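On a predicted model such as this, the values are computed, not experimentally measured, just so you know. We're numbering straight along the sequence, starting at 1.
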Amino acid sequence: MSSIVADPPEVASGYRAGRTLPLRVELVRQLKRRRTLVMGAILFALPFVLLIAFQIGGEPGQDNGRVNLMDSATASGANFAAVNLFASAGFLLVIPVALFFGDTVAAEAGWSSLRYLLAAPVPRARLLWSKLVVALGLSLAALVLLPVVALAVGTVAYGWGPLQLPTGGTLSAGTAAQRLVIIVAYVLVSQLVTAGLAFWLSTRTDAPLGAVGGAVFLTIIGNVLDEVTALGDWRDFLPAHWQYAWLDAVQPQLQWTDMIQGTALSVTYALVLFALAFRGFARKDVVS
């Protein structure tokens, strides 16, 4: 009895799936995009906008004797950087994350270049992985750019000094810098849910605006639901409920409990959404 053995698929000499669409190539492509340059310019300009606002409006006031983070914005460069993060973390920083993750695959489909990339041949998993890593890197760069520029602008305008805490007391400049690093890291982790939503939607549609807008819309819905106190403990399952847990880093004693819970929830949702993106794209009939 003879058996029939299928011949292995022919592969071009020198072809390595892992070498297709290198990260540096994808990074250069994304850095040249107009939306990347525009978003970078907006984040770079925000600290100057707030500085002008404080110059026009004068020193921040205190309502009913209660001091909050915004009231100490002009105390030092560190305070100014923290206020910039506080003012933008709720919505503005959602935009670049949704843009970098939601525009990446859908834009290729919109340009009708996705099928040509896959015919290169770039394996689907490799294509998604390259775009995911680059989007994550650009999001991190965006989140770092804002506080770094704010710290530089604030230091020039208000001097290098300790971080004055809303609850009273101060943190040394060195400790304040460490706390700012923790804050930026947590803000990035808390945005992973938006990133996962945008990336998943980007693999489901050929319209970049639909993926970006859908992720932003769902993020806003989460924020609205978190304001519904009638939901009680159910709000603990909303990523928005933990988005300001980083405020525990501007306390005399660093508290990790809420940030750990927020991190665990965000990472869990993100992993599920990224897995759905890879699974769905592997089975998708790409015609664009």
Side-chain angles (χ1 to χ4, degrees), residues 19-49 84 88-89 91-150 184 187-220 270 273-274 277-278 280-281 284 286-288:
R19 295 181 181 179
T20 56
L21 195 61
L23 292 178
R24 65 180 181 278
V25 173
E26 179 64 17
L27 177 60
V28 171
R29 293 177 70 227
Q30 297 301 326
L31 286 175
K32 291 180 178 179
R33 297 280 305 279
R34 180 177 299 177
R35 49 88 162 158
T36 305
L37 300 177
V38 170
M39 186 54 61
I42 292 174
L43 293 174
F44 184 86
L46 180 61
F48 294 95
V49 173
N84 272 264
S88 57
F91 180 73
L92 179 60
L93 291 179
V94 172
I95 304 300
V97 173
L99 187 63
F100 293 142
F101 281 89
D103 185 61
T104 179
V105 179
E108 298 284 1
W111 298 332
S112 297
S113 59
L114 185 57
R115 57 182 174 180
Y116 295 109
L117 276 175
L118 296 176
V122 179
R124 297 191 180 202
R126 174 65 183 180
L127 182 137
L128 286 189
W129 175 252
S130 294
K131 291 188 173 295
L132 177 61
V133 172
V134 170
L136 185 61
L138 290 176
S139 299
L140 176 59
L143 267 60
V144 169
L145 176 64
L146 176 62
V148 167
V149 174
V184 170
V187 171
L188 176 63
V189 171
S190 67
Q191 297 292 349
L192 286 179
V193 178
T194 299
L197 284 169
F199 195 69
W200 174 63
L201 290 173
S202 187
T203 63
R204 304 297 299 176
T205 179
D206 293 349
L209 184 59
V212 176
V216 173
F217 175 75
L218 291 173
T219 300
I220 293 174
L273 289 167
F274 288 142
F278 274 83
F281 191 69
K284 183 178 181 180
V286 177
V287 295
S288 300

Run the ring-ring contact (aromatic ring centres under 6.0 Å, His included) test against F48 and tell me which residues pass, sequence neighbours left out.
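F48: ring-ring contact (aromatic ring centres under 6.0 Å, His included) contacts with F44.
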Pairwise distance [atom1]([X]) to [atom2]([Y]) - rounded to 0.5 angstrom:
X: L273; Y: L197; atom1: CG; atom2: CG; answer: 5.0 Å
X: L92; Y: L146; atom1: CG; atom2: CG; answer: 7.5 Å
X: L145; Y: L46; atom1: CG; atom2: CG; answer: 10.0 Å
X: L99; Y: L138; atom1: CG; atom2: CG; answer: 9.5 Å
X: T104; Y: F199; atom1: OG1; atom2: CZ; answer: 6.5 Å
X: L37; Y: I42; atom1: CG; atom2: CD1; answer: 11.5 Å

Should L43 and L93 be marked as a side-chain contact (heavy atoms from CB on, under 4.5 Å) after you check the CA-CA gap, both sets of side-chain angles, and the distance that decides it?
CA-CA 9 Å; L43 293 174; L93 291 179; 4.0 Å; yes
CG/L209: more than 12 non-hydrogen atoms of other groups inside 6.0 Å:
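Not buried by this count: 12 neighbours or fewer within 6.0 Å.
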In the structure I gave you, are the side-chain heavy atoms of [X] and [Y] within less than 4.5 Å of one another anywhere?
X: Q191; Y: T194; result: yes
X: F278; Y: L132; result: yes
X: L143; Y: V97; result: yes
X: L136; Y: F100; result: no

Pairs satisfying salt bridge (charged side-chain N to carboxylate O under 4.0 Å, His left out), at least one member in residues 35-46, at least two apart:
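Only R35-D103 qualify under salt bridge (charged side-chain N to carboxylate O under 4.0 Å, His left out).
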Main-chain N/O of N84 paired to S88 side chain as donor or acceptor, under 3.5 Å
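Indeed, once roles are kept as given, a pair shorter than 3.5 Å links the two residues.
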With no hydrogens and no angle check, is any side-chain donor or acceptor of S130 less than 3.5 Å from a backbone partner on R126?
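Between the backbone of R126 and the side chain of S130 there is a qualifying donor-acceptor contact (under 3.5 Å).
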Minimum-distance pair of heavy atoms, taken over all atoms of [X] and [Y]:
X: A98; Y: A198; value: O-CB, 3.6 Å
X: P96; Y: A142; value: CB-CB, 4.2 Å
X: D206; Y: P208; value: O-CD, 3.4 Å
X: V184; Y: P147; value: CG2-CG, 3.7 Å

Go through it in stages, so that I can follow the logic: the residues are K131 and L128, the test is side-chain contact (heavy atoms from CB on, under 4.5 Å), and I'd like the CA-CA distance, side-chain angles, deciding distance and then a yes or no.
CA-CA 5 Å; K131 291 188 173 295; L128 286 189; 5.6 Å; no
I'd like to check the side chain to side chain contact (heavy atoms under 4.5 Å, CB included) partners of I95; sequence neighbours left out, ordered by chain and number.
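Once residues adjacent in sequence are excluded, the partners of I95 under the side chain to side chain contact (heavy atoms under 4.5 Å, CB included) criterion are M39, F91, V216.
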Before giving the answer on side-chain contact (heavy atoms from CB on, under 4.5 Å), spell out for F101 and F274 the whole-Å C-alpha distance, their side-chain angles and the decisive distance to 0.1 Å.
CA-CA 11 Å; F101 281 89; F274 288 142; 4.2 Å; yes
Dump the intermediate steps for side-chain contact (heavy atoms from CB on, under 4.5 Å) on T36 and R33, then the final yes or no.
CA-CA 5 Å; T36 305; R33 297 280 305 279; 3.8 Å; yes
